[in-house]
Amino acid sequence: MKFNFKALNKDSLVGFEWFICRRYLKAKREQGFISLISIISVAGVAIGVAALIIVLAVMTGFTNELRAKILGINSHIIVQKYGGNLTNYGEISKIIKKIPGVSATTPYIFTQTMITGEQGGSGAILRGIDPGSAAQTLKLGKYLKGCRLQDLSISEPSEKGGRPIPGIILGSELARQLRVYKNDKIRLMSTAGALTPIGIIPRIKSCRVLGIFKTGMYEYDAAMAFVSLKTAQDFLELGASVSGVEVRLQHIYQANTIAKDIQKRLGLNFITKDWMRMNKNLFSALELEKSALSIIVALVVLVAAFNIVSTLIMVVMEKNKDIAILKAMGASAGQIMKIFIYEGLVIGISGTLLGLLSGLTVCKILARYHFIKLPDVYPISTLPVEVVPHDIILISVSAIIITLLATLYPSWQASQVDPATALRYE
C-alpha cells in the first residue's frame with residue numbers, strides 16, 4: 001500500500017517536499033559536515049553577490065563623477081565652422097535654441113598661450129567666455145574660489161591711471177606653478193603677433209587674477225585659464241568673431257541626436273561635436289574596465305554555484321536510503337526533484353539576500369564616510385560609490401537563476417534512485 005503524497009500536498013499549506021527539504025537542511029549531529037558545507041555554499045553566494053554590487057557601484061560612481069567633472073567645465077556640444085571663426089554667432093545661437101532639448105548656448109574662444117608671472121611662466125589653454133550666458137551653459141561656478149564667473153566682465157582700473165586691467169581665473173595647479181594668488185598680476189603672451197623686420201613681435205596683455213578654480217582633474221587645473229570674451233578678442237585681435245558656440249542640453253544622452261540635428265540645420269560648412277564623441281576613448285575604457293571587473297567577480301558566484309552542486313550531490317549520497325524509502329512509499333520522481341531544488345534555492349536565495357545586505361551596507365558606509373582616499377594620479381580624491389537599482393535587480397536575478405540551474409543535475413540524480421537497488425542490502 002502506497003502513501004498518498006499528493007493528497008498530503010493538497011491538505012497542507014506547504015507540500016511534504018518543503019518539509020523534507022527543511023529536515024535535510026537541519027542536519028543531525030553526526031551529519032554536521034553536510035550542514036557546514038551548506039553554510040559555506042551560502043557564504044560563497046553572499047560574497048560573490050556583495051563583491052559584484054560593490055564593484056559595479058564603485059565603477060558606476062567613478063564614471064558618473066568623472067563625467068560630472070568633465071561636463072562641469074565643458075559644454076555638451078560645441079559648434080564650429082570649417083576654415084575659420086564665427087562672426088554671426090548670435091544668429092547661429094538663435095537657430096540652435098529653437099531645437100527641442102537645448103537649454104542654453106554661449107560663444108567661446110579657445111587658444112593656446114603663454115602665461116607669465118613674477119616668478120615664472122607656463123603654457124596654458126586660454127578660454128574666452130561670455131560671463132552672462134556661460135553661467136547657464138558651464139557649471140564652473142561650483143569649482144570657483146574667491147570669485148564669481150560674472151566678475152570676468154568687470155575690469156579694474158590700472159594703478160597708474162591707464163587702461164583698465166581685465167580679470168582672469170586660473171586653475172589651481174596652474175596658479176601654483178606660477179606662484180600667484182588672488183589680485184596678483186600676470187601677463188598673457190601669444191606668438192601670433194605682427195611680423196616686423198626683426199621678427200614676430202608677440203602680443204602681450206596684462207591681467208589680474210580674480211580667483212582660482214579647482215575641479216580635481218589635473219589636466220584642467222594645471223593648464224586652463226578663463227577670461228571674458230571681450231578680453232580674448234582684444235588679445236587675439238579677432239574683432240567680433242569667436243571660435244565657436246557651446247551648447248548645453250536638458251538631457252546629456254541626447255547629445256548625439258541633437259548634434260546631428262544642429263549639423264543638418266546649419267549646413268555642411270559647420271561641424272558639431274558632442275561630449276561623448278570628444279571623450280569617447282576615456283568612457284569606452286571605463287566601460288570596458290567595468291565589464292571586465294564584473295565578469296571576473298561574477299566568476300565568484302559561479303564558484304559558489306559549483307559549491308551548491310557538490311553540496312546537493314553529497315546530500316543525495318547521504319540520503320540515498322531515505323530517497324529510496326520515499327519512492328517505495330509512493331513519492332514520484334518529480335516530487336523527489338522538488339526536494340533538492342528547494343534545498344538549492346534556499347541556499348541560493350539566502351546567499352543572495354545576505355550578499356545584498358552586506359554589499360549595500362558597505363556601499364552606504366563608503367558613500368557616507370569617504371575613508372578610502374585615492375592617489376593624486378586619479379581625478380577624484382575619494383572612492384566614489386553610486387548604487388543603481390537596475391544593477392541590484394540584475395545581480396539578484398542572475399544569482400538566483402545561476403543557483404537554480406546548479407540544482408538541476410543533483411535533483412535529477414536524486415529522482416533516478418532505484419528503491420530496489422538502494423534497499424537491497426539494508
Listing, residues 384-405 side-chain donor-acceptor contacts under 3.5 Å, not counting sequence neighbours, or none:
{"residue": "Glu386", "atom": "OE1", "partner": "Asn64", "partner atom": "ND2", "Å": "2.8"}
{"residue": "Glu386", "atom": "OE2", "partner": "Asn64", "partner atom": "ND2", "Å": "3.2"}
{"residue": "Ser396", "atom": "OG", "partner": "Ile392", "partner atom": "O", "Å": "2.8"}
{"residue": "Ser398", "atom": "OG", "partner": "Leu394", "partner atom": "O", "Å": "2.7"}
{"residue": "Thr403", "atom": "OG1", "partner": "Ala399", "partner atom": "O", "Å": "3.1"}
{"residue": "Thr403", "atom": "OG1", "partner": "Ile400", "partner atom": "O", "Å": "2.8"}

Residues two or more places apart in sequence or in another chain: which of them pass side-chain hydrogen bond (donor to acceptor under 3.5 Å, both in side chains) with Thr63?
none

Test item: Val242 and Gln233 side chains (from C-beta on) under 4.5 Å apart, heavy atoms:
yes

With sequence neighbours excluded, what pairs up with Phe283 under the ring pair (Phe, Tyr, Trp, His ring centres under 6.0 Å) test?
Trp275

Verify the neighbour count for atom CD of Glu118: are there more than 12 heavy atoms of other residues, nucleotides or ligands below 6.0 Å?
no

If you count every heavy atom of other residues, nucleotides or ligands that lies below 6.0 Å from Leu299 atom CG, does the total exceed 12?
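Yes - once you tally the heavy atoms of other residues, nucleotides and ligands closer than 6.0 Å, there are more than 12.
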
Asn281 and Ser284 side chains, donor-acceptor separation under 3.5 Å:
no

Between the side chains of Thr106 and Thr137, does any donor sit under 3.5 Å from an acceptor?
no

Are the side chain of [X] and the backbone of [Y] linked by a donor-acceptor contact shorter than 3.5 Å?
X: His76; Y: Ala255; answer: no
X: Glu65; Y: Phe62; answer: no
X: Asn85; Y: Ser241; answer: no

In a table with atom names and distances, give each donor-acceptor pair under 3.5 Å that connects a side chain of residues 40-51 to protein atoms at least two apart or in another chain.
{"residue": "Ser41", "atom": "OG", "partner": "Ile37", "partner atom": "O", "Å": "3.0"}
{"residue": "Ser41", "atom": "OG", "partner": "Asn307", "partner atom": "O", "Å": "3.4"}
{"residue": "Ser41", "atom": "OG", "partner": "Thr311", "partner atom": "OG1", "Å": "2.9"}

Residues which pass salt bridge (charged side-chain N to carboxylate O under 4.0 Å, His left out) with [X], listed by chain and number, not counting sequence neighbours:
X: Lys205; answer: none
X: Asp151; answer: Arg148
X: Asp261; answer: Arg265
X: Arg176; answer: Glu173

Do any side-chain atoms of residues 109-116 form donor-acceptor pairs under 3.5 angstrom with protein atoms, and if so which ones, sequence neighbours left out?
{"residue": "Thr113", "atom": "OG1", "partner": "Met189", "partner atom": "O", "Å": "2.6"}

Not counting sequence neighbours, which residues clear side chain to side chain contact (heavy atoms under 4.5 Å, CB included) with Arg277? List them please.
Lys273, Asp274

Test of ring centre spacing under 6.0 Å for Phe213 and Tyr220
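Ring-ring flag for Phe213/Tyr220: false, centres at least 6.0 Å apart.
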
I need the full list of side-chain hydrogen bond (donor to acceptor under 3.5 Å, both in side chains) pairs touching residues 350-368, with sequence neighbours left out, sorted by first then second residue.
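Counting only pairs at least two positions apart or across chains, no side-chain hydrogen bond (donor to acceptor under 3.5 Å, both in side chains) contact touches residues 350-368.
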
Per-pair distances, 0.1 Å, donor-acceptor, side chain in residues 88-103, under 3.5 Å, sequence neighbours excluded:
{"residue": "Ser93", "atom": "OG", "partner": "Tyr89", "partner atom": "O", "Å": "2.8"}
{"residue": "Ser103", "atom": "OG", "partner": "Arg248", "partner atom": "O", "Å": "2.9"}

